[in-house]
Amino acid sequence: MGNVDVHQVQPSIRRGIALLESDWKSIEYETDTPVNPAILSDKLPSGVEILPFQNSLLPAIFEYDYSLIGYERKSLIDASCKEENSNTLVAMKDGKCVGFGSIKLDIAEYLKIGPLYADDPSTAETMMKQLITAMPEAKGFATVCSYYTNIFANMVPEKLNVPVYNSYYRLSSKERLCVDTKKVFAHFDIEFTPF
């Protein structure tokens with residue numbers, strides 16, 4: 001499963017090798033200039049706190065990720081949270097994970113947000129603000145959101161004045177994944193994961 005250019009969709013479907021995801025598509029936002037996180041809100045829902053990543057939070061993160069995505073990605077999540085030149089935040093409420101997000105500084109010194117998952121838009125926006133603030137040395141910004149199914153996810157890059165760089169339809173070789181995209185504010189990875 002991966003990103004597909006719209007011009008490749010129909011020939012692939014005709015050959016019978018893929019299912020087109022028709023309910024949403026991926027929108028890639030990118031800019032080669034720094035973004036200003038000060039314009040983002042940091043108002044959290046009652047009882048939610050944002051914590052810096054620590055190993056003791058991994059079981060809660062794994063449980064949240066599994067409940068959202070529907071399959072186990074423990075090794076991927078663990079590696080993402082501990083990646084060099086990255087920062088991860090975890091949203092907790094009443095001892096339970098209600099979101100998590102990571103930011104990475106790539107070799108071109110662009111901030112790449114992903115994943116960013118949260119139960120609500122306020123938590124996601126606050127995490128994004130804190131993640132961007134943690135890496136002020138960045139020279140650019142990139143993220144991927146789901147279009148149509150999560151308008152709030154797309155509003156954050158728009159607030160930051162980050163233009164659309166590309167859009168992709170998704171193809172699946174076997175079956176569509178059933179994911180609550182209203183909780184997906186930035187895909188796990190720009191190139192390689194469905195959410």
Side-chain angles (χ1 to χ4, degrees), residues 1-9 20-45 48 50 64-65 67-70 80 86-89 91 98-106 108 110-135 138-172 176-195:
M1 187 174 294
N3 293 325
V4 176
D5 184 283
V6 71
H7 301 294
Q8 298 169 334
V9 171
L20 172 63
E21 180 52 67
S22 57
D23 292 337
W24 57 274
K25 66 180 176 177
S26 298
I27 303 295
E28 184 176 356
Y29 293 90
E30 186 175 311
T31 182
D32 60 1
T33 59
V35 294
N36 179 9
I39 62 175
L40 299 179
S41 172
D42 54 8
K43 185 172 185 209
L44 288 169
V48 175
I50 306 294
Y64 185 80
D65 186 69
S67 72
L68 180 63
I69 303 301
S80 175
S86 73
N87 190 6
T88 297
L89 297 175
V98 293
F100 69 97
S102 295
I103 193 166
K104 296 157 181 71
L105 192 63
D106 71 7
Y110 275 40
L111 292 177
K112 296 206 172 188
I113 298 279
L116 181 56
Y117 305 148
D119 281 359
D120 64 90
S122 299
T123 300
E125 187 168 341
T126 299
M127 280 195 293
M128 186 173 288
K129 180 176 185 171
Q130 291 181 15
L131 288 166
I132 295 169
T133 302
M135 294 190 172
K139 296 180 180 168
F141 176 92
T143 192
V144 174
C145 305
S146 299
Y147 194 65
Y148 302 132
T149 57
N150 190 340
I151 58 167
F152 295 107
N154 294 279
M155 288 171 65
V156 174
E158 289 170 9
K159 278 187 183 182
L160 294 169
N161 291 316
V162 180
V164 172
Y165 177 74
N166 214 337
S167 64
Y168 307 95
Y169 287 89
R170 294 287 184 150
L171 293 176
S172 303
R176 290 185 178 98
L177 292 175
C178 295
V179 172
D180 184 357
T181 55
K182 289 181 177 68
K183 295 182 179 182
V184 177
F185 291 86
H187 291 206
F188 191 90
D189 183 272
I190 288 177
E191 320 307 336
F192 302 112
T193 60
F195 299 101

Using the side chain to side chain contact (heavy atoms under 4.5 Å, CB included) rule, take N161 and V35 through it: C-alpha gap first, then chi angles, then the decisive distance, then the call. CA-CA 8 Å; N161 291 316; V35 294; over 6 Å; no
CG (L40) and CE (M155) are apart, to the nearest 0.5 Å, by 11.0 Å
Determine, step by step, whether D32 and K139 satisfy the salt bridge (Lys or Arg N to Asp or Glu O under 4.0 Å) criterion, reporting the C-alpha distance in whole Å, the side-chain angles of both residues, the deciding distance to 0.1 Å, and the verdict. CA-CA 6 Å; D32 60 1; K139 296 180 180 168; over 6 Å; no
Could you walk me through whether L111 and L105 satisfy the side chain to side chain contact (heavy atoms under 4.5 Å, CB included) test, starting with their C-alpha distance in whole Å, then the side-chain angles of each, then the deciding distance to 0.1 Å, before giving a yes or no? CA-CA 5 Å; L111 292 177; L105 192 63; 4.0 Å; yes
Just checking Y110: does its OH atom have more than 12 heavy atoms from other residues, nucleotides or ligands closer to it than 6.0 angstrom? yes
Distance-only, no hydrogens or angles: does the K129 side chain make a donor-acceptor pair with backbone N or O of D42 under 3.5 Å? no
Let me confirm one number: the CE-CD1 distance from M127 to I50, rounded to the nearest 0.5 Å. 5.0 Å
Between V156 and F185, is a side chain to side chain contact (heavy atoms under 4.5 Å, CB included) present by the stated rule, with each step listed? CA-CA 9 Å; V156 174; F185 291 86; 5.8 Å; no
K104 (side chain) donor-acceptor with G114 (main chain) under 3.5 angstrom: yes
Check each of T126, I132, T133 against Q130 using the side chain to side chain contact (heavy atoms under 4.5 Å, CB included) test, and report the only one that passes. T126
Drop me the distance from I39's CD1 to K159's NZ, to the nearest 0.5 angstrom. 8.0 Å
So Y117 and I69, side chain to side chain contact (heavy atoms under 4.5 Å, CB included) or not? Walk me through it. CA-CA 10 Å; Y117 305 148; I69 303 301; 4.2 Å; yes
Given 3.5 Å as the limit, does a donor-acceptor pair link the side chain of E125 with the main chain of S41, or not? yes
Is there a donor-acceptor pair closer than 3.5 Å between any side-chain N or O of T143 and the backbone N or O of I113? yes
